[in-house]
Amino acid sequence: MESKSSDENCNNPNSELHPSKLMMASHFLRALFRIQHTTTDSSFAGRSRKIRRAAYASMAYSVGTKRSWSSALLRKLRSRSRLRSPNPRRAKYAALPGKPRVARPQQREMDQAQVLRELVPGGTSMDDCRLLEETTDFVRCLSTQVRLMQAVVDSVSI
Amino acid sequence: MQPSSKEMQGMAGGLAPSAVAAHIALQELQNDGGVDHDDFLDQMMSGLAPAWPMGLGGYDEASLLGSRLRQHQAAGGGSPPNGKSMLLQLNHHHYAHHASPQQQLLLQSMGQPPAGGGGDSGGFLPLPLSLGSGGSGHSGLLVDISREEVDAPFKASDSTKAEALYNNGFGENHQHFHHPQNHRGAPPAAAGKCQVPAAASGSPSTGGGAVPPRPRVRARRGQATDPHSIAERLRRERIAERMKALQELVPNSNKTDKASMLDEIIDYVKFLQLQVKVLSMSRLGGAAAVAPLVADMSSKAGAGRGEADGAAANDGLTAAEHQVAKLLEEDMGSAMQYLQGKGLCLMPISLASAISSATCHPRSPIPGGLSQLNRRTAPSPHAAGDAPSSPSMSALTVPSTNGGGDADISRPSRCKD
């Protein structure tokens with residue numbers, strides 16, 4: 001519902017707003033433009049993948065190398081573009097650990113930390129403390145990016 | 001060493017109460033510096049002084065010790081008085097029960113714990129104390145209380161004093177003399193160790209307000225390996241801070257449990273990533289469908305004003321909508337292609353209402369119908385309301401919006417609710 005989305009967006013206006021939203025917007029729009037005009041691929045999935053990659057790339061690019069997740073993301077995107085892996089989506093949505101959930105709270109925390117590490121780019125080589133830091137920044141950036149894309153969609157559609 | 005152990009065995013029975021007290025006190029000293037030093041010390045001193053037998057040769061030393069204790073206490077050693085008073089207590093017992101081996105034991109155990117060492121202010125002063133009028137088997141208790149920073153001078157004074165005392169004292173005490181020397185190296189560490197909990201834990205001693213009659217300061221858990229426990233605590237605090245900051249980012253988060261918070265965070269990250277994916281697809285759908293559909297859209301927008309057309313279109317579209325929904329479940333691409341084949345596209349509800357209200361301006365970018373059916377397949381298990389909320393779009397087809405749009409609008413929107 002729209003009301004709920006507005007609630008969600010207005011919930012933490014200060015904490016969710018990333019400082020470089022304008023920069024992200026410019027990068028992303030430029031990437032979109034490039035995609036629309038240069039690609040000849042008409043397959044739906046391929047183009048959507050390109051756009052998604054562009055979204056992450058613009059997000060990471062605008063943050064720069066200040067954060068470890070952004071550098072890791074950039075590295076991953078660049079290497080992936082060179083390798084042209086068949087299904088980059090799988091790497092994006094990393095598989096959950098296959099082992100069954102152990103009831104012990106510590107084990108559960110370790111599992112969760114592991115899952116989080118796989119979700120956040122560059123998270124596998126971080127200790128818990130830093131992982132949480134990076135997650136915070138990553139979430140903030142991601143939500144900004146989502147709102148940005150939403151705004152683009154809205155503006156284009158109307 | 002041997003005679004002392006024999007002595008100890010001999011006096012085991014008589015030593016029982018004092019030994020218990022000694023060990024208890026020792027444990028507490030090891031465990032906690034506590035804030036009750038002053039009270040503790042006062043109690044010790046008050047209990048000690050009158051009980052000290054008059055004929056004690058070392059009584060002068062005892063008063064000297066006491067004065068020096070107070071001095072050091074004023075200088076700011078919490079633990080030293082603790083240790084000293086405890087040792088004094090032991091000394092007292094020692095005198096009463098010839099507990100020299102017990103004190104040896106004490107000194108030994110005191111020397112042991114500070115494996116980690118490294119405290120700021122030491123706790124033990126080298127205070128030679130000799131007791132004893134003419135008792136065999138009396139030993140001079142060498143209370144090693146030294147500050148770390150003033151270790152050297154104390155050591156010097158230690159040895160001289162100790163030697164002097166022992167010269168005055170008893171021959172068999174020479175063996176005891178070795179103990180203090182051994183402990184002199186260790187005591188700074190011991191003192192440091194005992195002091196560190198006091199310094200580090202600062203106030204959080206759980207000793208409580210009223211001074212218990214016994215020298216019982218409640219131990220604070222985790223003091224056994226101090227540097228590690230401190231680091232652990234710091235790390236845990238930092239993690240807690242970050243978790244709190246993260247929790248504020250995640251909307252509608254009211255959990256306080258760490259595990260569930262982590263769960264929410266994970267779900268939220270996955271949800272955001274899915275949103276990016278969905279939005280990229282929606283944008284793509286619009287981009288792909290724009291060109292071929294512009295003409296169709298404009299014509300349909302013009303022609304579809306009539307109710308009849310709208311109604312007919314509506315009926316026809318319900319089946320198509322179902323089909324689209326079905327296709328969307330399996331594969332986004334095929335769904336979009338199906339729509340394109342029919343000359344339709346998806347668009348947001350807001351757009352649809354805008355179109356239906358704007359009767360005179362069928363803008364061609366309209367078919368940039370960048371909407372996406374909000375599937376319930378959003379990853380967050382508890383986000384029944386959350387997941388669709390952000391994209392805030394629903395599947396809708398253009399012709400239907402021009403006609404009885406509301407009916408169609410409501411139908412897809414139920415998916416979101």
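Values below: all heavy atoms of this structure, side chains included; hydrogens, waters and symmetry mates excluded. Chain identifiers are assigned alphabetically (A, B, ...) following the order of the sequence lines, protein sequences preceding nucleic acid strands; residue numbering begins at 1 within each chain.
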So how far is it from [X] [atom1] to [Y] [atom2], rounded to the nearest 0.5 Å?
X        : Y        : atom1 : atom2 : value
B:Asp263 : A:Asp111 : CG    : CG    : 10.0 Å
B:Gln273 : A:Arg52  : CD    : CZ    : 8.0 Å
A:Gln112 : B:Glu264 : CD    : CD    : 11.0 Å
A:Ile51  : B:Lys277 : CD1   : NZ    : 14.0 Å
A:Glu134 : B:Arg242 : CD    : CZ    : 10.0 Å
B:Met261 : A:Leu132 : CE    : CG    : 8.5 Å

Are A:Asp128 and B:Arg235 close enough that some pair of their side-chain heavy atoms sits under 4.5 Å apart?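 SC-SC contact between A:Asp128 and B:Arg235 confirmed.
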
For a quick test of reading the model, state the closest non-hydrogen atom pair linking B:Ser280 to A:Met149 and the distance between them. N-CE, 3.6 Å

Closest approach of B:Val276 and A:Ala55, non-hydrogen atoms and distance? CG1-CB, 4.0 Å

Residue that, paired with A:Thr135, satisfies side chain to side chain contact (heavy atoms under 4.5 Å, CB included) out of B:Leu249, B:Ile266, B:Leu262, B:Leu246: B:Leu246

